[in-house]
Q: 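Sharing a structure with you now.
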Amino acid sequence: MFISFNVNKFCSIIPGNIFIRSPFFCSSMRILFIHSDFIDYRVREKAIEGAEEYSASEERIEECLVAFISVESKDDRQVAEKAVNEIKDVANKVDTRRIVLYPYAHLSSDLSDPDTAKSILSMIENGLRSEYEVHRAPFGWYKSFTISCKGHPLSELSKQIGGGEEEPEALKKETTLKTYWKILYDGNLYDIDVFDFTGHEKLRDFVNYEISGTRAVVDVPPHVKYMRSLEIADYEQGSDSGNLRYYPRGKLIKSLAESLVTNYVLDYGAMEVETPIMYDYEHPALKSYLQRFPARQYTVLSGDDKYFLRFSACFGQFLIAKDALITYKQLPLRLYELTRYSFRREKHGELVGLRRLRAFTMPDMHTFVQDMETAKDEFLKQFKLSISVLKDFGLDLNDYEVAVRFTSDFYKENMKFIQELGELVKKPILVQVWEEKFFYFVLKFEFNFVDNTKKAAALSTVQIDVDNARRFNITYIDERGEKRYPLILHCSPSGAIERVMYAMLEKAEFLKKEGKKPVLPFWISPVQVRIIPLSEKHMEKSNEILRMIESAGIRVDIDDREITMQKKIREAEMEWIPYIVVIGDREVSTGTLNVRDRYRDKTREIPLSEFIEELRNCVRDKPIKKINESIFLSKRVKFV
RNA sequence: GCCACCGUAGCUCAGUAGGUAGAGCGGCUGACUUGUAAUCAGCAGGUCGGGGGUCCGAUUCCCUCCGGUGGCUCCA
């Protein structure tokens, strides 16, 4: 599942950092700017044979912009021109007319040959000479220098200038890409600024998040404290940031969530496959694709070979589909994998709890279809599938915001279809229209969860991909025996599993804010029933009841510790356990249970057999797994 | 990636105007044998995130690295 709608610059400006991105893609000139009170350099001795002739021995230039430059192996005239523009840009910002070009090999490990470097430096010098006073330190000499950096915010910058041919067409378009934002409601499209968001506050938060980028200043999102206090997951300092550890309860929740999504997708008609987690940088199909995404992946060096860790299951499934013999009779063909893990080296400042990780678990289904009509039909079905999946996680349409994005061409031909999506959810949705196709897809939706800090995170999503069959050479045989490219739907019916866990925890916090007790859906609660014996003499009866509940496939445990009953109840409540059953003399004699019910927030009397039947109904059609720790609380380890 | 703040016992946090630290919870031991969110007492537990510097002396001041968080930027 490739997900993108915002755009990023191919080469970014990161002050104070010279090595900006992975060197594996294309070469690019590197420049370090220092706005200086002065620079003073002395030429010592020749460093290389091709050193430039130079007569003076010392030079001092006052009040100038010094550009330390490394020319890299593939730099050319085009790069020189860009460099001229960059230097002009910086010179104007710091308001100086005096520029020192200083050849400086140490910014790069992939240098060009000396002749190329000299000619490119000359090109830059000539490009600047008409407007600036340009000084040039000689190339190919060892030099000593003293520099005085002004130290204001713009006085130190590093830039990387990419080669023209390496920059993909699609990325150039980014800057000129036009999009429109609308709200679709009751079959009408409204402008954002005239739409009345009353009663749709979360949608407004989502819209703000998407369009204006405004963010409320708030604390850590509440799911982070729950993720630790409920012993679900935790940061792992021994790994890279964004790679979490899961404790037994978290692992259980995660497994159950994975099973649920997988069951849905298999019922929907997909075939589960498994594909490698790392791929060759030099593979032709992947290479052309990867060029669009600057250094966002983990790199693995194995001997002399370079691999990247997958960021979705797309490659693996596309490479399978490419080699498969597919005929029109077998379409739609659906392949599915639950990627454990997908990897994205998200920026450090972006990582938070379970909301955004560098290693995450992504259910990813690809549906290959013949034509747009079938694609739309599948899109609609998968839209509904996604709603069902999220519902089982306790997330209904009020808990997330719907965004639909498409190209204007697609809209012209499919207005009714888009309106149908709006009618399905019966609430306003955010619409983004691209003037022309920029990504590989023409239509996508996402369900976005807005959390307690008013930040949005995408959950379910489906896209109609019109490009990648061609790129990966995936074909099917049509009715006339000819090879044709299918359309491909990318679908993650839940979004990343960790993100679903995040949404459930954030939703629990919303419940708490409403004065209700935070809780997880019954089927996914790591402990569903806790038995609390009133004293030691009730242990035997407690064990008996435990076995009966357990045999119905319910996760039940027993608090056999020698502490007060009040304390046991308090702790069970803090663990969000749905049902708490105290066993004392009354229960032993009557056989009726007194159940403390967290969903209804009350205690009630119920015969054991009825209680078991009720629980059994709650987990019908849901994945069932055994408890993942000792059933005896006295044997439990505290992980946090 | 940039900027800011934070990192003290297993957890949550207090404190030290520079002289190596304290509470609550948790743990252990003992008493209590309990009817729906914390029974009482005693004990143990810390190279004050890592490294470097200044100083007679650093957990405290400075630098740096790591980790966390917020903002910016960005998000296949």
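Because the structure is a prediction, the values reported are computed rather than measured. Numbers restart at 1 for each chain; the letters A, B, ... are given by sequence-line order, proteins then strands.
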Q: What's the NZ-C1' distance between A:Lys567 and B:rG24, to the nearest Å?
A: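 Taking atom C1' of B:rG24 as the reference, NZ of A:Lys567 is at 12 Å.
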Q: Provide the Watson-Crick or G-U wobble partner of B:rA17, both distances under 3.5 Å; none if there is no partner.
A: none
Q: Classify the angle between the aromatic ring planes of A:Phe379 and A:Phe445 as parallel (below 30°), tilted (30 to 60°) or perpendicular (above 60°).
A: perpendicular
Q: Heavy atoms under 4.0 Å, any strand shown: does A:Ile532 hit a base, just sugar-phosphate, or nothing?
A: nothing
Q: When rounded to the nearest Å, what value does the distance between C1' atoms of B:rC2 and B:rG18 take?
A: 33 Å
Q: Choosing from B:rA37, B:rG67, B:rG26, which nucleotide comes nearest the side chain of A:Lys638?
A: B:rG26
Q: Between atom CZ in A:Arg358 and atom C1' in B:rG67, what is the gap in whole Å?
A: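 It is 12 Å, rounded to the nearest whole Å.
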Q: Just say parallel, tilted or perpendicular for the rings of A:Phe343 and A:Tyr298, cut-offs at 30° and 60°.
A: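 Ring orientation of A:Phe343 relative to A:Tyr298: perpendicular.
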Q: Roughly how many Å apart are B:rA41 and B:rA4, using the C1' atom of each and rounding to a whole number?
A: 47 Å
Q: If B:rU39 has a Watson-Crick or G-U wobble mate with both distances under 3.5 Å, name it; if not, just say none.
A: B:rA31
Q: Would you mind telling me which of B:rC75, B:rG35, B:rU39 lies closest to the side-chain atoms of A:Glu346?
A: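 Of B:rC75, B:rG35, B:rU39, B:rC75 is nearest to the side chain of A:Glu346.
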Q: Give the nucleotide from the list B:rU34, B:rG26, B:rC32 with an atom nearest to the side chain of A:Glu562.
A: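 Of the options given, the side chain of A:Glu562 lies nearest B:rC32.
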Q: With both distances under 3.5 Å as the test, what is the Watson-Crick or G-U wobble partner of B:rG45?
A: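 B:rG45 is unpaired by these criteria.
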Q: What class does the angle between the rings of A:His366 and A:Phe368 fall in, given that below 30° is parallel, 30 to 60° is tilted and above 60° is perpendicular?
A: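 It falls in the tilted class, 30° to 60°.
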Q: In this structure, how many angstroms lie between the C1' atom of B:rA37 and the CD atom of A:Glu573, rounded?
A: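 Value for this atom pair: 6 Å.
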Q: Reckon A:Arg228 touches a base, only the sugar-phosphate, or nothing at all at heavy-atom distances under 4.0 Å?
A: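 The residue A:Arg228 makes sugar-phosphate contact but no base contact.
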Q: Between the base of B:rG35 and the side chain of A:Glu587, is there any donor-acceptor pair under 3.5 Å?
A: yes
Q: Would you mind reading off the distance between A:Glu231 atom CD and B:rC11 atom P, rounded to a whole angstrom?
A: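 Answer to the nearest Å: 12 Å.
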Q: Can you see if the side chain of A:Thr453 gets near the phosphate of B:rG70 - specifically, an N or O under 4.0 Å from OP1 or OP2?
A: no
Q: B:rU29 and B:rC62: how far apart are their C1' atoms, nearest whole angstrom?
A: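 The same atom, C1', in both gives a distance of 47 Å.
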Q: Whole-Å distance between B:rC11 P and A:Asp234 CG?
A: 9 Å
Q: Across the strands shown, which category fits A:Ser229 at heavy-atom distances under 4.0 angstrom: base, sugar-phosphate, nothing?
A: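 If one applies the 4.0 Å heavy-atom cut-off, A:Ser229 turns out to touch nothing in the nucleic acid.
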Q: Please report the distance separating the C1' of B:rG27 from the corresponding atom of B:rU33, rounded so that it comes out in whole Å.
A: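 The same atom, C1', in both gives a distance of 22 Å.
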Q: Can you tell me which residue among A:Arg334, A:Met365, A:Gln463 is in a side-chain contact (heavy atoms from CB on, under 4.5 Å) with A:Cys491?
A: A:Met365
Q: To the nearest Å, how far apart are A:Arg561 CZ and B:rG26 C1'?
A: 11 Å
Q: If you pin A:Arg570 and A:Ile563 to their nearest nucleotides in RNA chain B, which one's is more 5'?
A: A:Ile563
Q: More than 12 heavy atoms of other residues, nucleotides or ligands under 6.0 Å from NZ of A:Lys635: is that the case?
A: no
Q: Return the pairing partner of B:rG24 with a 3.5 Å limit on both distances, Watson-Crick or G-U wobble; otherwise return none.
A: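 WC or wobble partner is B:rC11.
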Q: Can you tell me the Watson-Crick or wobble partner of B:rG70, both distances under 3.5 angstrom?
A: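 Paired with B:rG70, as far as the under-3.5 Å criterion goes, is B:rC3.
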Q: Can you tell me if the side-chain N/O atoms of A:Arg596 get under 4.0 Å from OP1 or OP2 in B:rG35?
A: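 Checking B:rG35 against A:Arg596, no side-chain N or O comes under 4.0 Å of OP1 or OP2.
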Q: In this structure, how many angstroms lie between the P atom of B:rC74 and the CZ atom of A:Arg344, rounded?
A: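 Atom CZ in A:Arg344 sits about 18 Å away from atom P in B:rC74.
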Q: Categorize A:Val224 for me: base, sugar-phosphate, or nothing, with a 4.0 angstrom heavy-atom threshold over every strand shown.
A: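 Since no nucleic acid heavy atom lies under 4.0 Å of A:Val224, the category is nothing.
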Q: Indicate whether the side chain of A:Thr367 and that of A:Gln382 have a donor and an acceptor atom separated by less than 3.5 Å.
A: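 The answer is yes; a qualifying pair exists.
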Q: Are A:Lys455 and B:rG71 close enough that a side-chain N or O sits under 4.0 Å from OP1 or OP2?
A: yes
Q: Could you tell me how far B:rG10 sits from B:rU36 if I compare only their C1' atoms? Round to whole Å.
A: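 Pairwise C1' distance, B:rU36 against B:rG10, rounds to 29 Å.
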Q: Rounded to whole angstrom, note down the P distance from B:rG57 over to B:rG1.
A: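 Those two atoms are separated by 37 Å.
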Q: Any strand is fair game: report the nucleotide pairing with B:rC61 by Watson-Crick or G-U wobble, both distances under 3.5 Å, or none.
A: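 Check on B:rC61: paired to B:rG53, both distances under 3.5 Å.
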Q: Would you check if there is a donor-acceptor pair between the side chains of A:Thr361 and A:Glu498 at a distance under 3.5 Å?
A: yes
Q: Please give the distance between the P atoms of B:rC3 and B:rU64 as a whole number of Å.
A: 10 Å
Q: Give me the distance, rounded to whole Å, that separates B:rU20 from B:rU8 when you measure between the C1' atoms they each carry.
A: 12 Å
Q: Would a distance-only check, ignoring hydrogens and angles, find a side-chain to backbone donor-acceptor pair under 3.5 Å from A:Arg345 to A:Arg358?
A: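 No; judged by distance alone, with no hydrogens or angles, the pair does not exist.
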Q: Nearest-Å distance, CG (A:Leu534) to P (B:rU33)?
A: 13 Å
Q: Return no unless some side-chain N or O of A:Thr564 is found under 4.0 Å from OP1 or OP2 of B:rU34.
A: no
